[in-house]
Amino acid sequence: MNAPKQYPLLLVRQLNVNYPLPGRLPWHAPLQLKAVEGVNFDLEPGETLGVVGESGCGKSTLARALVGLQPAASGAVILNGKDITRLDDQARRQVRRDIQLVFQDPLASLDPRMTVGEIVSEPLENLCPELSADERKARITDMLERVGLRADYINRYPHEFSGGQCQRVGIARALVVRPKVLVCDEAVSALDVSIRAQIVELLQELQKEMGLGLIFIAHDLAVVRQISHKVMVMYLGRIMEQAPVDDLFAQPLHPYTKALMSAVPVPDPHIERNRERIILEGELPSPAEPPSGCLFRTRCHYAHDRCARDIPNLRLIKPSRSGAACHYAEEIERAGS
Ligand code: SF4
């Protein structure tokens, strides 16, 4: 008899998410804006995948699609061996326990009319109806303490807290149902640097304690480097590069990743003064009218004729452990550019 197939905690295959747009003229058929296209990755318990890219690259749409807030046009999101992209409401409620989202703006994501106790209790009432009132209360106070908030904050309102404390409430709300995967969509971007460091440390501690798989979406590459085990670089909804975190920061392979990395400050003032910056020229093209061929070609210093014609697939660039979607990754690397 064949052994049952072993799935990672989260397996994403060929995920596509589209937004409908009106046609150019009233009698034209509606268009499809490809917000996420052909995304693939795996995630194991205790592992963090960092997702980076400029605003508008599809990171937040990906987050929303993973937790079921945005329907997928095609592809699969397999959580614990079960495809969660096409579930009815009843089945979706069950899987929502297992995959939770933390939002960017801590204050805006909390209902100002609800106390902290009510905010953290809400997902428990919806997703864990089997718990008694006493069990719910015990879970809430335990969770508040685990995220570094006093249990007696339960009767306070969000406006009584700082941004960092509100984000701790947001994390408590997401983790109180004991999910297996936590998706953090720019969860520390709105916080001051010192508070940001505290929240990142808190997430790392909770991840270790609970064995969470973490998807950490951010534009701050220093934070992504600190928290991630592997990183995915997105541009106009597609993956440009995917690599273990140390490899990506030591040797970025895709021209877009190289440009992003060259903007990260280096602590050594001598290196910082002498290193070359790659300036990304022009704006991110409109996802409604993406360039032909390679999506990055309109801003790429290395673009050739072929780049306007053929879409580069994400492929392993040997001998590295990184995958890059560039026809000329090896040549660019050999030239030491
Ligand atoms: Fe640049 Fe061409 Fe590579 Fe795209 S495929 S990143 S345009 S060299």
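Just so you know, ligand 1 is whichever comes first in the structure, and atom 1 is the first atom listed for that ligand. The structure presented is a predicted model; accordingly, all values stated were derived computationally and were not measured. We count residues from 1, following the sequence as given.
With respect to the salt-bridge test (charged N to carboxylate O, under 4.0 angstrom), the residues E330 and K318 do not qualify. The pair K59-E54 does not count as a salt bridge, with every side-chain nitrogen at least 4.0 angstrom from each carboxylate oxygen. Ion pairing between a basic and an acidic side chain is recognised when a charged N comes within 4.0 Å of a carboxylate O; K258 and E333 show such pairing.
Heavy-atom distances between R306 and ligand 1 stay at or above 4.0 Å for every pair.
If you check which protein heavy atom lies closest to atom 5 (S) of ligand 1, you get H327 N, 3.4 Å. Atom 4 (Fe) of ligand 1 has as its closest protein heavy atom C294 SG, 2.4 Å. Given atom 2 (Fe) of ligand 1, the protein heavy atom at minimum distance is C307 SG, 2.3 Å.
Neither the backbone nor the side chain of H304 comes within contact range of ligand 1; no heavy atom lies under 4.0 Å.
Taking the centre of each ring, Y328 and Y302 stay at or above the 6.0 Å mark.
In terms of heavy atoms, V52 sits closest to V231 at CG2-CG1, 4.1 Å.
Considering only non-hydrogen atoms, atom 1 (Fe) of ligand 1 lies nearest to C300 out of C300, A303, P312.
Which parts of ligand 1 touch P255 is read off a 4.0 Å heavy-atom cut-off, strictly below it: atoms 6 (S).
A perpendicular orientation is assigned to the rings of Y256 and H254, their planes being inclined by more than 60° (bins at 30° and 60°).
Atom 3 (Fe) of ligand 1 has an N, O or S atom of C326 under 2.8 Å away, backbone or side chain.
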